2 protein chains.
Amino acid sequence: MNAPVRIRAFERSLPMALMRARESVMARFRPILAEHDLTEQQWRVLRALDAADGPLSVGDLAAQTYLLGPSLARMLASMEQRELLERRTGADARRAEITISDEGRRVVGQVSPESEAAYEQVERRLEPGELDELHRLLDKIGGFE
Amino acid sequence: MNAPVRIRAFERSLPMALMRARESVMARFRPILAEHDLTEQQWRVLRALDAADGPLSVGDLAAQTYLLGPSLARMLASMEQRELLERRTGADARRAEITISDEGRRVVGQVSPESEAAYEQVERRLEPGELDELHRLLDKIGGFE
DNA sequence: TATTGTTATACTCTATAACTATA
DNA sequence: TATAGTTATAGAGTATAACAATA
């Protein structure tokens, strides 16, 4: 007789724990983004462009932001209309070269201090050193070891 | 002269790290759910019902699964049609009493072993004890200390 | 032929407000 | 009046396939 496969307790589910933690962070963060008419995903794109050294292709962006091509294509179109970013065609004409615009940088500059404050509130829940440890473990899970 | 507010590196963003980790877990998990025609959210509902001692109200479910009422109402209707769950009206006729059905339990029973295997692959990336530590830190962030 | 990106399409979830029924 | 839940509506992301342009 085998013991029945016992599903782990709901509370011990790693995806749920990750989601709860993320939800608790994002709950503080979303209102800030909403004030600037940005979705979470648009913010990811903006951050990635802002952090990049040079232009990124659509594919680069998709990989860095975990967005799918079609979603990204539409978002880029609307963000380009809002002049948050600029796109050029590179030497390889298939490849788009996307960079953040001055306006985009301005928005990042406005949102960043508010977002820092929100993050700090969350991080204050941890003892010194625990944040580093959390990042280390998350990176291990995420395959960035 | 103030130093400019320096946004933390993209890689050190806690929400991004949480998302990457979750994505890496879910990437293995979603195909399993897809085979059983379940969305991530429906699975959360099913898990919550399966783990519950008795019937849950729509509000209980919303809180446990981090879904909004309207999303949940529609999902419950379709899951009821698929006979994954049952609903009754309680003593307080405003309150629905939702329980998992035999069919729902059967689905949970099918998905669970596969999902356990997927989780274990992820958890193998961690040293012994690190998973507990990760859960502890995530709960602290999530406000479940 | 393979790669890069867009368009088409259908579905699902998010979010807010308005509404119904019950308490 | 307040609470529980549903319906309405608009918007946005997900996912797959088909397609165009370029290499």
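In the text below, chain A, chain B and the rest are named by the order of the sequence lines, each starting its count at 1. Keep in mind that what you see is a predicted model, and the values were worked out from it rather than measured.
Look at CG on A/D60: it is 13 Å from C1' on C/dG5, rounded to the nearest Å. Atom CG in B/L76 sits about 7 Å away from atom P in D/dT6, given to the nearest Å. Residue B/W43 contributes atom CH2, which lies 16 Å from atom P of C/dC13 at whole-angstrom precision. Look at CG on A/D37: it is 16 Å from C1' on C/dT14, rounded to the nearest Å. Protein atom CG of B/L67 is 14 Å distant from nucleotide atom P of D/dG5, rounded to whole Å. The nearest whole Å value for the distance from the CZ atom in B/F29 to the C1' atom in D/dT14 is 18 Å. Distance B/L38 CG to C/dT12 P: 12 Å, rounded to the nearest Å. Look at CD on B/E40: it is 16 Å from P on D/dG13, rounded to the nearest Å.
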Protein-to-nucleotide contact annotation, 5' to 3' order, nucleotides 15-23 of chain D [B base; S sugar-phosphate only; - none; under 4.0 Å, heavy atom]:
BBB----BS

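Between A/L84 and A/L38, the shortest heavy-atom contact is CD1-CD2, 4.2 Å.
The salt bridge (charged side-chain N to carboxylate O under 4.0 Å, His left out) analysis of residues 53-75 of chain A, with sequence neighbours excluded, yields no pairs.
Phosphate proximity of D/dA4 to B/R87: absent, as no side-chain N or O sits under 4.0 Å from OP1 or OP2. Contact check, B/T39 against C/dC13: a side-chain N or O comes under 4.0 Å of OP1 or OP2.
A/L72 comes within 4.0 angstrom of nothing in the nucleic acid, heavy atoms only. Across all strands shown, A/A96 has heavy atoms under 4.0 Å from sugar-phosphate atoms exclusively, and none from any base.
Using a cut-off of 4.0 Å between Lys/Arg side-chain N and Asp/Glu carboxylate O, B/R28 and B/E120 are scored as not salt-bridged.
A search for side chain to side chain contact (heavy atoms under 4.5 Å, CB included) contacts involving A/E130 returns A/L126, A/E127, B/R136, B/L137, B/K140, not counting sequence neighbours. Listed by chain and number, the residues in a salt bridge (Lys or Arg N to Asp or Glu O under 4.0 Å) with A/D92 are A/R94, A/R95 (sequence neighbours excluded). Shown here are the salt bridge (Lys or Arg N to Asp or Glu O under 4.0 Å) partners of A/R88, two or more places apart in sequence or in another chain: A/E86.
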What pairs of donor and acceptor atoms, side-chain ones from residues 102-111 of chain B against any protein atom, are under 3.5 angstrom apart with sequence neighbours left out?
{"from": "B/E103", "atom 1": "OE1", "to": "B/R106", "atom 2": "NE", "distance (Å)": "2.8"}
{"from": "B/E103", "atom 1": "OE1", "to": "B/R106", "atom 2": "NH2", "distance (Å)": "3.3"}
{"from": "B/E103", "atom 1": "OE2", "to": "B/R106", "atom 2": "NH2", "distance (Å)": "2.9"}
{"from": "B/Q110", "atom 1": "OE1", "to": "B/H36", "atom 2": "ND1", "distance (Å)": "3.4"}

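Annotation: of the two residues near DNA chain D, B/G69 and A/M75, the 5′-most nearest-nucleotide partner is B/G69.
Distances from the side chain of A/R95 to the nucleotides C/dG5, C/dC13, D/dT6 place C/dG5 closest.
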